[in-house]
Amino acid sequence: VSADTAEQLAICKSELKTIYGEGTRVRMYGTKSYKGILTLKLKVTPEDGNPLTLQCVGDAEAEQRVVLKNKEGNAIAS
């Protein structure tokens, strides 16, 4: 896991815990990098226990910015 991936994962976890609650579990199961944009594939289990599959997309141009998307690629509110 590269430093960029670990840093982005930390940001994604923080965002997800803000949305779904502090007890949310986040597990990364894959990464994809395309044209400088890193996408993390995450399995998210909120406190209510209904697991979700989400993507956390980082933008190399934007500082400390990530976009959370569902498996259909639609952005979720953060």
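No hydrogens, no waters, no symmetry mates; every other heavy atom, side chains included, goes into these values.
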Taking distance alone, no hydrogens or angles, what donor-acceptor pairs closer than 3.5 Å link side-chain atoms of residues 26-34 to residues at least two apart or in another chain?
none

Let me check something: any side-chain donor-acceptor pairs from residues 67-75 under 3.5 Å, sequence neighbours excluded? List them with distances.
unit_1	atom_1	unit_2	atom_2	d
Asn70	OD1	Glu72	N	3.1
Asn70	OD1	Gly73	N	3.1
Asn70	OD1	Asn74	N	2.9
Asn70	ND2	Glu72	OE1	3.4

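- Separation of atoms NZ (Lys17) and CZ (Arg25) is listed at 10.5 Å; rounding is to 0.5 Å.
- Atoms CG and SG, from Leu42 and Cys12 in turn, are 6.0 Å apart once rounded to the nearest 0.5 Å.
- Atoms OG1 and CD, from Thr24 and Glu22 in turn, are 7.5 Å apart once rounded to the nearest 0.5 Å.
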Please list every donor-acceptor pair under 3.5 Å in which a side-chain atom of residues 47-57 meets a protein atom from a residue at least two apart or in another chain.
unit_1	atom_1	unit_2	atom_2	d
Glu47	OE2	Gly23	N	2.9
Asp48	OD1	Asn50	N	3.0
Thr53	OG1	Lys43	NZ	3.4

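- For the pair Thr18 (side chain) and Ser14 (backbone), a donor-acceptor distance under 3.5 Å is present.
- Shortest non-hydrogen contact noted between Leu38 and Gln8 is O-NE2, 3.0 Å.
- The line from CG of Leu16 to CD1 of Ile76 is 6.0 Å long, rounded to the nearest 0.5 Å.
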